[in-house]
Participant: 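Please find one structure pasted underneath; my questions will follow.
Source: prediction; values computed, not measured.
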Protein chains: 2
Amino acid sequence: MRDIDIAEAARLSGVRASTLRFYEERGLIASHGRRGLRRLFDPAVLDRLALIALGRAAGFSLDEIARMFAPDGRPRIDRRMLAAKADELERTIRKLNAMRDGLRHAAACPAPSHMECPTFRRLLRAAASGAIGERKTRRPPRKSFAATGREQGRARGS
Amino acid sequence: MRDIDIAEAARLSGVRASTLRFYEERGLIASHGRRGLRRLFDPAVLDRLALIALGRAAGFSLDEIARMFAPDGRPRIDRRMLAAKADELERTIRKLNAMRDGLRHAAACPAPSHMECPTFRRLLRAAASGAIGERKTRRPPRKSFAATGREQGRARGS
DNA sequence: CTGCCAGTTCAAGTCAACTTGAGGTCAAGG
DNA sequence: CCTTGACCTCAAGTTGACTTGAACTGGCAG
């Protein structure tokens with residue numbers, strides 16, 4: 001069994017079939033051929049998907065990730081880019097640390113109201129001044145891990 | 001000068017006027033009255049905005065933040081919720097730390113290709129298994145700090 | 001040969017947090 | 001009094017990463 005179909009790829013990678021199609025459209029992965037209508041993927045697509053997941057986890061956008069592959073398909077990852085992203089993560093981590101400490105303190109603070117707690121007020125000023133920075137809340141991805149092989153959540157056909 | 005108008009509130013808080021209107025619509029802040037058409041805010045709105053900024057920075061959604069205010073307007077912040085968010089941040093921080101270390105290693109790794117670097121491959125597996133988790137990229141907010149009093153970026157009227 | 005159903009395409013929808021545009025209003029300055 | 005322009009409302013657009021719906025196809029089991 002050389003090539004795998006989209007359901008297999010989805011099952012093995014934990015990435016939904018619709019996402020695989022989307023990634024292909026965006027040039028992040030490529031299908032190797034078809035059997036009838038059905039895409040066939042080289043099993044190497046799984047490594048590629050892992051790489052994409054890694055990039056996403058590191059905070060790269062899909063466009064950035066796409067640029068990490070040479071035209072011939074081999075990963076061509078700029079080490080400086082990695083270092084830069086590491087630095088960015090470092091800064092984010094610092095802010096989150098401050099935030100976490102502040103939250104923990106506020107949660108344990110004996111002051112009758114948070115507004116009377118100096119630590120809380122210090123946090124407040126930091127946030128107001130933008131020193132802490134803005135983050136996006138991520139929405140829960142509706143799938144927590146590998147799918148079951150068919151596209152999920154479409155149980156009731158019309 | 002008891003009440004401030006929206007431009008003043010925007011200037012003092014660094015939050016855009018359009019955002020203030022949006023927040024009012026969402027029930028996060030309230031205007032105190034009008035002069036003609038123009039909203040008037042109690043200066044206390046600035047504290048409230050700081051609190052909102054803090055909540056956003058901590059990763060709360062606007063809906064969650066809205067729920068942190070009692071119907072009468074006083075902040076009623078659940079300490080358990082703060083602790084829970086602190087724990088969540090803790091987990092995020094741990095993942096980001098792992099990510100950062102991995103990126104730094106990959107950036108410095110002497111292996112000819114990243115795929116041959118054991119550390120990189122370990123990271124890859126972690127990302128593929130979902131152990132590292134997904135984050136959203138935040139987009140740059142188009143304003144870096146306090147506005148100048150008028151709404152920005154609309155220099156050329158038609 | 002026939003039907004099933006997992007696959008296909010393409011467009012449109014979702015989500016969050018805003019921003020932008022069009023068209024309208026009104027307090028104040030000249 | 002009349003213009004000016006900052007403010008108003010309401011609807012629609014933006015962004016990124018997908019998901020979902022509708023309509024269709026074709027390999028394969030029976």
Participant: Of all the nucleotides listed (D:dT20, C:dT19, D:dC7), which has the minimum atom distance to the side chain of B:Ser18?
Facilitator: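 Closest of the options to the side chain of B:Ser18: C:dT19.
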Participant: Just compare C:dT8, D:dT20, C:dC18 and give me whichever is closest to any side-chain atom of A:Arg34.
Facilitator: C:dT8
Participant: Going 5' to 3' along nucleotides 25-30 of chain C, which nucleotides have protein heavy atoms under 4.0 Å from the base (write B), which only from the sugar-phosphate (write S), and which from neither (write -)?
Facilitator: BSS---
Participant: Between C:dT19, C:dA17, D:dC7, which nucleotide has the shortest distance from any of its atoms to the side chain of B:Ala7?
Facilitator: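 Nearest to the side-chain atoms of B:Ala7, counting from C-beta on, is D:dC7.
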Participant: So, using salt bridge (Lys or Arg N to Asp or Glu O under 4.0 Å) as the criterion, who are the partners of A:Asp78 when residues are at least two apart?
Facilitator: A:Arg80
Participant: Grab the CD-P distance between A:Glu25 and C:dT9 for me, whole Å please.
Facilitator: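 After rounding, the reported distance stands at 9 Å.
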Participant: Using a heavy-atom cut-off of under 4.0 Å over every strand shown, decide if B:Asp63 touches base, sugar-phosphate, or nothing.
Facilitator: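 Here B:Asp63 touches no strand at all.
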Participant: Return whichever of B:Arg39 or A:Tyr23 has its heavy-atom-nearest nucleotide of DNA chain D closer to the 5' end.
Facilitator: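 This one resolves to B:Arg39.
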Participant: I need the CZ-C1' distance between B:Arg16 and C:dA17, as an integer number of Å.
Facilitator: 12 Å
Participant: Starting at atom CG of B:Leu40, determine the distance to atom P of D:dC7, rounded to an integer number of angstrom.
Facilitator: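 Going from CG in B:Leu40 over to P in D:dC7 covers 12 Å.
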Participant: Under the 3.5 angstrom rule, does the side chain of B:Glu8 hit a backbone N or O of B:Asp5 as a donor-acceptor pair?
Facilitator: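 Pair absent, no side-chain N/O of B:Glu8 close to backbone of B:Asp5.
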Participant: Rounded to the nearest Å, what distance is computed from the CD atom of residue A:Glu24 to the P atom of nucleotide D:dA17?
Facilitator: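 Result: 18 Å.
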Participant: Return the value, rounded to whole Å, for the distance between atom CG of B:Leu28 and atom C1' of C:dC18.
Facilitator: 12 Å
Participant: Between C:dT19, D:dC18, C:dT9, which nucleotide gets closest to the side-chain atoms of B:Phe22?
Facilitator: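 It is C:dT19.
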Participant: Distance check needed: D:dA17 P versus A:Leu20 CG, whole Å only.
Facilitator: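 The answer, rounded to whole Å, is 16 Å.
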Participant: Taking atom P of D:dG27 as reference, at what distance in whole Å does atom CG of A:Asp5 sit?
Facilitator: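 The distance from CG of A:Asp5 to P of D:dG27 comes to 14 Å, rounded to the nearest Å.
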Participant: For B:Arg100, enumerate each residue passing the salt bridge (Lys or Arg N to Asp or Glu O under 4.0 Å) test, keeping only those at least two apart in sequence or located in another chain.
Facilitator: A:Glu90
Participant: Checking contacts here: which listed nucleotide (C:dA17, D:dC8, D:dA17) is nearest the side-chain heavy atoms of B:Leu62?
Facilitator: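 For B:Leu62, the side-chain atoms sit closest to C:dA17.
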Participant: Please report the closest heavy-atom contact between A:Ala10 and A:Ala17, naming both atoms and the distance.
Facilitator: CB-N, 3.9 Å
Participant: Look at the side chain of B:Arg79 and the backbone N and O of A:Cys109, then say whether any donor-acceptor pair between them is shorter than 3.5 Å.
Facilitator: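 Between the backbone of A:Cys109 and the side chain of B:Arg79 there is a qualifying donor-acceptor contact (under 3.5 Å).
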Participant: A:Arg26 CZ to C:dT9 C1': how many Å, rounded?
Facilitator: 18 Å
Participant: Whether B:Thr19 contacts C:dA17 is assessed here as follows: a side-chain N or O lying under 4.0 Å from the phosphate OP1 or OP2. Is that the case?
Facilitator: no
Participant: At their closest point, which heavy atom of A:Leu28 faces which heavy atom of A:Phe69, and how far apart are they?
Facilitator: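 It is O-CE1, 4.4 Å.
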Participant: More than 12 heavy atoms of other residues, nucleotides or ligands under 6.0 Å from CZ of A:Arg104: is that the case?
Facilitator: yes
